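Reviewing the structure listed below.
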Amino acid sequence: MGLLDAILGRSKPVRPDFDQLFAVPSAALTLQAATGFTPTGRGSVCFAGVEGGGFARLQKDVRELLDADTERGGIPVEFSRDTYGYTWLLATHPADDTAGLVNDLHAVNTLLQDGGFGPHLLCSLIGFRATESTDGRSLALVYLYKRGTFYPFAPLPGDAEKRDNQLELQVRGTLGDDLRVEKDLSRWFPVWGAPGL
């Protein structure tokens with residue numbers, strides 16, 4: 001960052017640190033002990049869709065890499081598009097294999113970054129469910145690439161797009177020592193209907 005940038009108030013964007021994802025398995029243990037939410041084994045990566053042969057080849061490489069264990073009982077990855085045109089990749093593992101899920105999400109992020117599509121990465125999320133609740137309460141830990149931070153997203157059960165802000169703030173306090181939590185609450189974007197939630 002140069003002197004002119006400092007004078008004009010411009011800042012350098014934070015370089016994505018995909019290794020932050022490796023802190024999620026231990027954070028999941030802290031989260032379970034404090035709130036009763038346990039991993040679902042589902043996680044996803046969201047990126048802006050790109051057209052063209054290079055991206056199609058990269059998407060094929062990602063699918064081949066993550067589907068390599070389907071013959072041994074692994075669940076194939078799923079690609080989908082949301083109503084805003086973003087592409088989601090959903091990876092599924094056994095609920096007790098958060099480390100394996102994180103490895104897959106990290107591999108996808110790295111392949112996209114190394115393939116030149118890093119600027120198109122938006123977020124990754126790891127899904128959780130309340131173990132002692134029958135109302136289907138869910139929670140996601142969302143990693144923002146451009147900020148290098150996590151935030152909790154807790155949609156309330158039902159069709160209305162409402163959030164459990166109290167739970168989100170509780171999770172922020174609980175995981176402050178485990179994860180780099182986003183301080184700016186205006187960056188805690190809702191991810192309604194995201195695969196993996």
Side-chain angles (χ1 to χ4, degrees), residues 10-25 27-28 31 39-63 65-66 76-93 98 101-128 138-155 161-165 168 171-172 175 178-197:
R10 290 184 269 190
S11 62
K12 253 186 169 173
V14 175
R15 180 162 168 76
D17 180 4
F18 300 137
D19 290 346
Q20 291 292 317
L21 291 169
F22 292 127
V24 170
L31 186 62
T40 61
R42 295 166 47 95
S44 54
V45 175
C46 179
F47 46 93
V50 179
E51 301 299 325
F55 186 75
R57 279 189 300 280
L58 186 62
Q59 195 170 356
K60 181 178 176 271
D61 292 345
V62 167
R63 183 179 297 277
L65 174 69
L66 298 188
V77 297
E78 300 172 30
F79 284 92
S80 63
R81 278 196 183 233
D82 64 19
T83 55
Y84 300 103
Y86 294 111
T87 301
W88 290 84
L89 174 142
L90 174 65
T92 306
H93 280 256
T98 306
L101 176 64
V102 165
N103 284 338
D104 280 359
L105 298 178
H106 186 277
V108 170
N109 297 328
T110 302
L111 281 172
L112 287 167
Q113 178 77 26
D114 292 350
F117 298 101
H120 298 281
L121 287 166
L122 299 176
C123 68
S124 278
L125 68 83
I126 296 96
F128 294 82
S138 62
L139 171 74
L141 293 179
V142 182
Y143 179 70
L144 294 171
Y145 297 111
K146 291 175 176 51
R147 305 281 295 174
T149 55
F150 288 88
Y151 69 90
F153 175 67
E161 290 185 344
K162 294 184 179 178
R163 297 166 77 162
D164 187 340
N165 298 112
E168 291 176 355
V171 170
R172 175 183 70 174
L175 297 180
D178 293 274
L179 299 175
R180 188 182 302 158
V181 178
E182 176 59 50
K183 290 180 174 53
D184 183 354
L185 299 184
S186 69
R187 302 270 185 185
W188 292 20
F189 305 110
V191 285
W192 306 115
L197 247 173

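FYI, the numbering just counts along the sequence from 1. Because the structure is predicted, anything quoted here is derived from the model rather than measured.
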Fill in: Residues R187, E182: salt bridge by 4.0 Å N-O rule
no
Could you grab the distance from atom [atom1] of [X] to atom [atom2] of [Y], nearest 0.5 Å is fine?
X    : Y    : atom1 : atom2 : value
T87  : D82  : OG1   : CG    : 8.0 Å
R81  : C46  : CZ    : SG    : 10.5 Å
L185 : E168 : CG    : CD    : 9.0 Å
L21  : L141 : CG    : CG    : 10.5 Å
L122 : F189 : CG    : CZ    : 10.0 Å
S124 : L89  : OG    : CG    : 9.0 Å

Contact summary for [X] and [Y], nearest pair of heavy atoms:
X    : Y    : answer
F128 : P39  : CD2-N, 3.4 Å
S44  : P195 : OG-O, 2.7 Å
R172 : P152 : N-CG, 4.2 Å
V181 : T149 : C-CB, 4.2 Å
V102 : P25  : CG2-CD, 4.1 Å
A23  : L179 : CB-CD2, 3.7 Å

Discussion item. Show, in sequence, the C-alpha distance, side-chain angles and deciding distance for T98 and H93, and conclude whether the side chain to side chain contact (heavy atoms under 4.5 Å, CB included) test is met.
Written reply: CA-CA 8 Å; T98 306; H93 280 256; over 6 Å; no
Discussion item. Angle between ring planes, Y86 versus Y84, binned at 30° and 60°: parallel, tilted or perpendicular?
Written reply: tilted
Check whether any side-chain heavy atom of [X] lies under 4.5 Å from a side-chain heavy atom of [Y], and answer yes or no.
X    : Y    : value
D178 : F150 : no
L31  : L139 : yes
V77  : V108 : no
W192 : R163 : yes

Worksheet item: Is K146 reaching over with its side chain to a backbone N or O of C123, donor-acceptor style, under 3.5 angstrom?
Response: no
Discussion item. Testing L90, I126, L125 one by one against R42 for a side-chain contact (heavy atoms from CB on, under 4.5 Å), which residue passes?
Written reply: L90
Worksheet item: Taking the six-membered ring for Trp, are the ring centroids of Y151 and F153 within less than 6.0 Å of each other?
Response: no
Item to complete: Using the side chain to side chain donor-acceptor pair (under 3.5 Å) rule, take Y143 and N109 through it: C-alpha gap first, then chi angles, then the decisive distance, then the call.
Response: CA-CA 11 Å; Y143 179 70; N109 297 328; over 6 Å; no
